[in-house]
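Just below is one structure, and these are the notes that go with it.
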Amino acid sequence: QVQLVESGGGLVQPGGSLRLSCAASGSSFSINTMAWYRQAPGKERELVASITDVDSLMYTDSVKGRFTISRDNAKTTVYLQMNSLKPEDTAVYYCNVYFYSIMRKRYLGVWGQGTLVTVSS
């Protein structure tokens, strides 16, 4: 199976930057899509950015030009570089990986534990 470990959250001032990391580990899997979601209190979870196995990128309109999603050379760790942060970016950020399990011959999804990003002065 696949396990995800997130890191990088914290408190940052408006206009500041933060980089989130999500590392996937396990065996006998092939990653299809890696994505970042976020959820603020009282709001539904929303897809922020995603990257596919063929490097297709997607960003929600509110973060375009400010956030960048990327992967490491092994394509097992996904990053979210967050620049020009705004208070409305405050949320718990969750990593999600959609992958193919070679042993189970099925596509499966797994969530990270979440990391809190607080943008405040």
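Because only heavy atoms are used, hydrogens play no part in the values below, and waters and symmetry mates are left out as well, while side chains stay in.
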**OP:** Just say parallel, tilted or perpendicular for the rings of Tyr93 and Phe67, cut-offs at 30° and 60°.
**Re:** tilted
Original post:
Under a 4.5 Å cut-off applied to non-hydrogen side-chain atoms, are Met58 and Ile51 in contact?
Top reply: no
Original post:
Can you list every side-chain hydrogen bond (donor to acceptor under 3.5 Å, both in side chains) pair that touches residues 56-72, not counting sequence neighbours?
Top reply: Arg38-Ser62, Asp55-Arg71, Asp61-Lys64, Arg66-Asp89
**OP:** Establish whether Leu4 and Tyr94 are linked, either directly or via other cluster members, by ILVMFWY side-chain heavy-atom contacts under 4.5 Å.
**Re:** no
Subject >> Stepwise side chain to side chain contact (heavy atoms under 4.5 Å, CB included) test for Lys75 and Ile31 >> reply: CA-CA 8 Å; Lys75 299 184 178 181; Ile31 294 176; over 6 Å; no
Original post:
Is it true that a side-chain atom of Thr115 and a backbone atom of Glu6 form a donor plus acceptor pair closer than 3.5 Å?
Top reply: no
Subject >> Aromatic ring proximity Tyr100/Phe29, centre distance under 6.0 Å >> reply: no
Original post:
Val5, Val2: one ILVMFWY side-chain cluster at the under-4.5 Å cut-off?
Top reply: no
Subject >> Within-4.5 Å side-chain heavy-atom neighbours: Cys95 and Trp111 >> reply: no
Subject >> Value rounded to 0.5 Å, distance of OG in Ser120 from CD in Gln13 >> reply: 8.5 Å
**OP:** To the nearest 0.5 Å, tell me how far Ser17 OG sits from Asn83 CG.
**Re:** 3.5 Å
Subject >> Linked, directly or transitively: Val63 and Val12 (ILVMFWY side chains, under 4.5 Å) >> reply: yes
Subject >> Non-hydrogen atoms of Ala49 and Leu80 that approach each other most closely >> reply: CB-CD1, 4.2 Å
Original post:
Roughly how far, to the nearest 0.5 Å, is OH of Tyr37 from CD of Glu44?
Top reply: 11.5 Å
Original post:
Should we count CZ of Arg104 as having more than 12 external heavy atoms under 6.0 Å?
Top reply: no
**OP:** Report whether Val110 and Tyr107 are members of the same hydrophobic cluster (ILVMFWY, side-chain heavy atoms less than 4.5 Å apart, transitive linking).
**Re:** no
Original post:
Is Leu18 close to Leu85 at the side-chain level, that is, under 4.5 Å between some pair of heavy atoms?
Top reply: yes
Subject >> Results of salt bridge (charged side-chain N to carboxylate O under 4.0 Å, His left out) for Lys105 - residues two or more places apart only >> reply: none
**OP:** Output, in order, the C-alpha distance, side-chain angles, deciding distance and verdict of side chain to side chain contact (heavy atoms under 4.5 Å, CB included) for Val97 and Thr33.
**Re:** CA-CA 6 Å; Val97 174; Thr33 305; over 6 Å; no
Subject >> Over 12 foreign heavy atoms within 6.0 Å of CD, Gln113 >> reply: yes
Subject >> Side-chain heavy-atom pair Asn32, Phe99 within 4.5 angstrom cut-off >> reply: no
**OP:** Find out whether Gln81 and Ile69 are in side-chain contact, i.e. whether some heavy atom of one side chain is under 4.5 Å from a heavy atom of the other.
**Re:** no
Original post:
At their closest point, which heavy atom of Ala91 faces which heavy atom of Leu116, and how far apart are they?
Top reply: O-CD1, 3.6 Å
Original post:
Do Cys22 and Thr77 come within less than 4.5 Å of each other through their side chains, counting heavy atoms only?
Top reply: no
Original post:
Do you reckon Tyr98 sits in the same ILVMFWY cluster as Ile102, going by side-chain contacts under 4.5 Å, direct or chained?
Top reply: yes
Original post:
When rounded to the nearest 0.5 angstrom, what distance separates CG in Leu47 from CG in Asn96?
Top reply: 8.5 Å
Original post:
Can you check whether Val117 reaches Met82 side chain to side chain, under 4.5 Å on heavy atoms?
Top reply: yes
Original post:
Is there a side chain to side chain contact (heavy atoms under 4.5 Å, CB included) between Met34 and Tyr79 once you walk through the steps?
Top reply: CA-CA 10 Å; Met34 307 183 86; Tyr79 305 95; over 6 Å; no
